[in-house]
Amino acid sequence: QVQLVESGGGLVQAGGSLRLSCAASGRTFSAYAMGWFRKAPGKEREFVAAISWSGSTTHYADSVKGRFTISRDNAKNTVYLQMNSLKPEDTTDYYCATGNRPSHYGNAYDYWGQGTQVTVSS
């Protein structure tokens with residue numbers, strides 16, 4: 001059974017940084033792409049970043065490009081999202097997901113974590 005567990009969320013002031021982690025288990029982590037999405041209550045899920053199985057390819061939403069960095073450590077079965085220069089509009093729940101390709105689309109991923117909350121105060 002594939003499990004994804006996010007951690008690292010919390011409260012931070014605008015301009016600050018957080019690093020989210022997503023630990024995976026249940027299948028060969030290094031064979032699959034990983035993605036980060038976010039979703040606020042009442043809003044649609046939004047793509048944040050994605051990374052290929054090798055880490056050689058990354059994609060970012062325009063809203064986070066230059067501020068967020070996705071990376072992975074296949075030896076630790078973990079994907080990270082380094083978030084710098086955080087803004088109040090980044091406040092929401094963040095979810096990691098695993099799939100066959102590093103896509104902007106949520107339906108490309110077949111397993112999802114439970115999410116971690118990020119709150120950025122102004």
Side-chain angles (χ1 to χ4, degrees):
Q1 181 179 358
V2 177
Q3 287 191 322
L4 302 175
V5 180
E6 300 96 336
S7 61
L11 173 64
V12 64
Q13 288 188 333
S17 299
L18 283 175
R19 188 177 81 155
L20 305 184
S21 300
C22 172
S25 62
R27 69 181 184 188
T28 305
F29 176 78
S30 59
Y32 294 91
M34 299 294 296
W36 285 97
F37 290 76
R38 60 189 184 186
K39 186 180 183 306
K43 295 187 177 181
E44 292 189 357
R45 183 175 55 199
E46 178 187 11
F47 168 75
V48 176
I51 189 167
S52 61
W53 66 270
S54 66
S56 61
T57 300
T58 56
H59 301 297
Y60 295 94
D62 287 344
S63 59
V64 307
K65 201 171 293 183
R67 300 189 298 123
F68 291 10
T69 302
I70 188 171
S71 62
R72 65 190 298 160
D73 185 338
N74 287 343
K76 295 183 178 179
N77 290 352
T78 301
V79 64
Y80 304 98
L81 185 68
Q82 178 68 43
M83 306 187 296
N84 299 330
S85 302
L86 282 161
K87 304 175 181 179
E89 51 263 45
D90 295 318
T91 295
T92 188
D93 293 330
Y94 285 74
Y95 299 85
C96 68
T98 181
N100 289 321
R101 54 190 178 91
S103 174
H104 290 65
Y105 301 103
N107 59 13
Y109 299 87
D110 47 5
Y111 293 97
W112 294 78
Q114 294 299 307
T116 186
Q117 187 176 51
V118 171
T119 303
V120 184
S121 64
S122 57

Student: OG of Ser7 to OH of Tyr80: how many Å apart, nearest 0.5 Å?
Tutor: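 Going from the OG atom of Ser7 to the OH atom of Tyr80 covers 9.0 Å.
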Student: Are side-chain heavy atoms of Ser63 and Glu46 found at a separation under 4.5 Å?
Tutor: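 A side-chain contact exists here, since the closest heavy-atom pair is under 4.5 Å.
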Student: Would you compute the distance between atom CD1 of Ile70 and atom SG of Cys96 and round it to the nearest 0.5 angstrom?
Tutor: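 Here the interatomic distance stands at 9.5 Å.
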Student: Tell me, do Phe68 and Leu86 make a side-chain contact under 4.5 Å, heavy atoms counted?
Tutor: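 A side-chain contact under 4.5 Å exists here.
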Student: Is the backbone of Ser54 close enough, under 3.5 Å, to the side chain of Ser56 for a donor and an acceptor to pair up by distance?
Tutor: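 No.
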Student: Ignoring hydrogens, what is the shortest heavy-atom contact between Arg67 and Ser85? Give both atom names and the distance.
Tutor: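 Smallest heavy-atom distance, with atoms named: NH1-O, 3.0 Å.
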Student: Got more than 12 heavy atoms from elsewhere within 6.0 Å of CZ, Arg27?
Tutor: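 Yes.
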Student: Which residue, Tyr94, Tyr109, Tyr95, forms the ring pair (Phe, Tyr, Trp, His ring centres under 6.0 Å) with Phe37?
Tutor: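 Option passing the ring pair (Phe, Tyr, Trp, His ring centres under 6.0 Å) with Phe37: Tyr109.
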Student: Please determine if Arg72 forms a cation-pi arrangement with Phe29, meaning its NZ or CZ atom is less than 6.0 Å from the six-membered ring centre and no more than 45° off the ring axis.
Tutor: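 Pair Arg72/Phe29 counts as cation-pi.
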Student: Between Trp112 and Gly106, which heavy-atom pair has the shortest distance, and what is it?
Tutor: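 Closest pair (atom of Trp112, atom of Gly106, distance): CZ2-O, 3.4 Å.
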Student: Please report the interatomic distance OH(Tyr32) to CG(Asn100), rounded to the nearest 0.5 Å.
Tutor: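 Between atom OH of Tyr32 and atom CG of Asn100 there are 6.0 Å.
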Student: For the atom pair OG (Ser52) and NE2 (His59), what is the distance rounded to the nearest 0.5 Å?
Tutor: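 If we round to the nearest 0.5 Å, Ser52:OG and His59:NE2 are 7.5 Å apart.
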Student: Please report the closest heavy-atom contact between Ala24 and Leu4, naming both atoms and the distance.
Tutor: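 Answer, listing the atom of Ala24 first, then Leu4: CB-CD2, 3.4 Å.
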Student: Enter the distance from Met83:CE to Thr69:OG1 here, rounded to the nearest 0.5 Å.
Tutor: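 Reported value, rounded in 0.5 Å steps: 11.0 Å.
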Student: Please indicate whether Glu89 has more than 12 foreign heavy atoms, meaning atoms of other residues, nucleotides or ligands, lying under 6.0 Å from its CD.
Tutor: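 Above 12, so yes.
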Student: Step by step, work out the side chain to side chain contact (heavy atoms under 4.5 Å, CB included) result for Leu20 and Glu6.
Tutor: CA-CA 7 Å; Leu20 305 184; Glu6 300 96 336; over 6 Å; no
Student: Roughly how far apart are Met34 CE and Leu81 CG, rounded to 0.5 Å?
Tutor: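 CG of Leu81 is found 11.5 Å from CE of Met34.
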Student: Minimum heavy-atom separation for Ala49 and Tyr60, please, with both atom names.
Tutor: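 Scanning both residues completely, I find the closest heavy atoms to be CB-CD2, 3.7 Å.
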Student: Which atoms form the tightest heavy-atom contact between Ala14 and Ser122, and what is the distance?
Tutor: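 So the minimum-distance heavy-atom pair works out to CB-CA, 4.3 Å.
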Student: Give the minimum heavy-atom separation between Asn84 and Ser17, together with the two atoms involved.
Tutor: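 Reported closest heavy-atom pair: OD1-OG, 2.9 Å.
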Student: Just one of Thr92, Asp90, Asp93 clears the side-chain hydrogen bond (donor to acceptor under 3.5 Å, both in side chains) bar with Arg38, so which one?
Tutor: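 Looking at Thr92, Asp90, Asp93, the match for Arg38 under the side-chain hydrogen bond (donor to acceptor under 3.5 Å, both in side chains) is Asp90.
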